[in-house]
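Before any comments, here is the structure.
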Amino acid sequence: MSRSAPAIVILGNGSLATARRIQQLYPNALIHGLVDRVEGADRIYSDFGANLRQLYQQDTPIIALCAAGIVIRTLAPVLLEKGVEPPVLAVAEDASAVVPLLGGLGGVNDLAREIAAGLGVAPAITTSGELRFGTCLLNPPSGYALGDLELGKRFVSDLLAGESVRIEGEAPWLAHAQLLESEQARLAIHVGNSEREPSANELLIYPRTVMLKVGREVSAQTLRDALHEAKLAWQSLACVVADDTRMASSGLRDAVNELGVPLRFVSASEPHTAGVWRALGNGLSVSVADVPLDPQQIGRARGRLAVIGLGPGAAELMVPAVKAELARANDVLGYETYVRMAGPFRADQVLHCTDNREEMQRARHAFELAVQGRSVVVVSSGDPGVFAMAAAVLEVLHESTDPQWHSVDLEILPGVSASLATAAQAGAPLGHDFCVMSLSDNLKPWSIIEKRLDLASQADLALAFYNPISRSRPWQLGVALEIVARHRTPHTPVVLGRDIGRPGQTLRVTTLGELTPDQVDMRTMVIVGSSTTCTFARADGREWVYTPRWYGQKP
Ligand code: SAH
């Protein structure tokens, strides 16, 4: 069974050595450490329960280095919601015990055996069937599907009671099981791809040997009906294949998703997909192989390109959809600083770090990777739609006439932009109408910046300046502030947020009269208040800044 990389969750530095030993067994696993308690973890969490439940709900295998009881209590509220669950294990921090807790069908005992072998101890396996047969009959390897879990449980308990069994069909992996086999047995394990009503004493296992090819829009029911007419079990369906001109069809995607199998694409120009195809009518054809198929080897997947915003920097300010996208990425592209901020990454993820100025080039590269069927992420800091990569990606797509680029599953995932992160720390300086501007004249003429500054200041909008200054643009901020000062008093509050949400962040509240360009650098967000923006003292001696929601007369 293919598993995603486990999360190794620890509560203190005392568990770090054992965690690292387990990480050597699973180089892609990340160590999750409690904030302020663990040094050198790959991921930091602040709430043990929330982190553990989230991992569980995202189907991440969990190796928790703490008491089994803590894990059980923590996950208890979410246990009933799940059908299939990830493996969950407790491991003693001194590496003396490995206890599989949950996910018997997700391979928890295999994981326990691997970890225990790595640590040189015996795993605490308690599953009778596994102990007796040396394998979990109800958890066949990839390429095979179990017919019915409930019937299966009864079947296994009959075997445990001492009954013998017949094996019908090809199941090489069952050869290793220590089963009491007999030709005359009442119980039978039947392995085959035909549609079949299970008889009372039968455990059905389906090899995933069947492919369906669709040449038109279909529903899930049409696909099921086609298999039924061909007398093939839907459980034996390994994947659905379609021509790559249908890649963008959401109907096809939904139909195939409903069947829970991968959708693969082939192009008409490529040599025919392996397999002998038989027409079923209705624009469908079927191919049946002798051994289970690996869908990864058939055609290619629809590529995905996600343009994501990391937020200002702190992991807590990254939206969950972005975290999930990073976890599924094959390729990650972006300015090196941001790519590093988005990590850590697994060994199988490819990083393409580029210079900050090569935006269009990067966007094209992202499409080239995505059309190969890969899952590609382009990272921006803050929000990707605010002076960042999303517009560049859309621009190169707009210019492209390549249908393959237009078929990519493109999604933009938002992030907390620097102006909003800075405003939140200061209070609510953007609480009323405001204007967001980049002061960089790299991509627009300076004259237009001056004009907008003048009009926005005149309109009494609060102002948030991105890219306020840089070594190659040293004088612009000074001129910008002079323009603003024509319309605002020197007492107007100004917020300077530097490296907000990153290590060493600073937040400074000053006034327009006191602000000088040397207080600002390219890592600073400048927020200039409107005529109604005001400040007052916080209990801790700092200041709150806010712009009231009303304008003119207080309602
Ligand atoms: N897409 C980004 C903005 C990129 S432009 C976003 O939505 O935040 C880069 C500018 O954003 C910087 O020059 C700086 O003005 C501002 N900026 C980005 N991250 C920041 C942070 N953590 N703290 C303060 N300002 C930041």
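All heavy atoms count here, side chains included; hydrogens, waters and symmetry mates do not. Every number for a ligand or one of its atoms is a count from 1 in the order of the listing. What you see is a predicted model, and the numbers here were worked out from it, not measured in a lab.
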For this session: State plainly whether the residues E543 and R538 are in salt-bridge range, i.e. N to O under 4.0 Å.
Result: no
Nearest atoms (heavy-atom pairs only) where [X] meets [Y]:
X    : Y    : value
A19  : I31  : CB-CD1, 3.8 Å
N442 : R473 : OD1-CD, 4.1 Å
P493 : V545 : CB-CG1, 4.2 Å

For this session: Go through R488 and D460 one step at a time and tell me if the salt bridge (charged side-chain N to carboxylate O under 4.0 Å, His left out) criterion holds.
Result: CA-CA 8 Å; R488 307 258 158 112; D460 202 18; 3.7 Å; yes
Exercise. What residues come within 4.0 Å of ligand 1, counting heavy atoms only?
Worked result: P312, S381, G382, D383, V386, F387, A388, S417, A418, Y466, N467, P468, G497, D499, I500, R502, M522, R523, T524, M525
Exercise. Would a distance-only check, ignoring hydrogens and angles, find a side-chain to backbone donor-acceptor pair under 3.5 Å from R346 to A327?
Worked result: yes
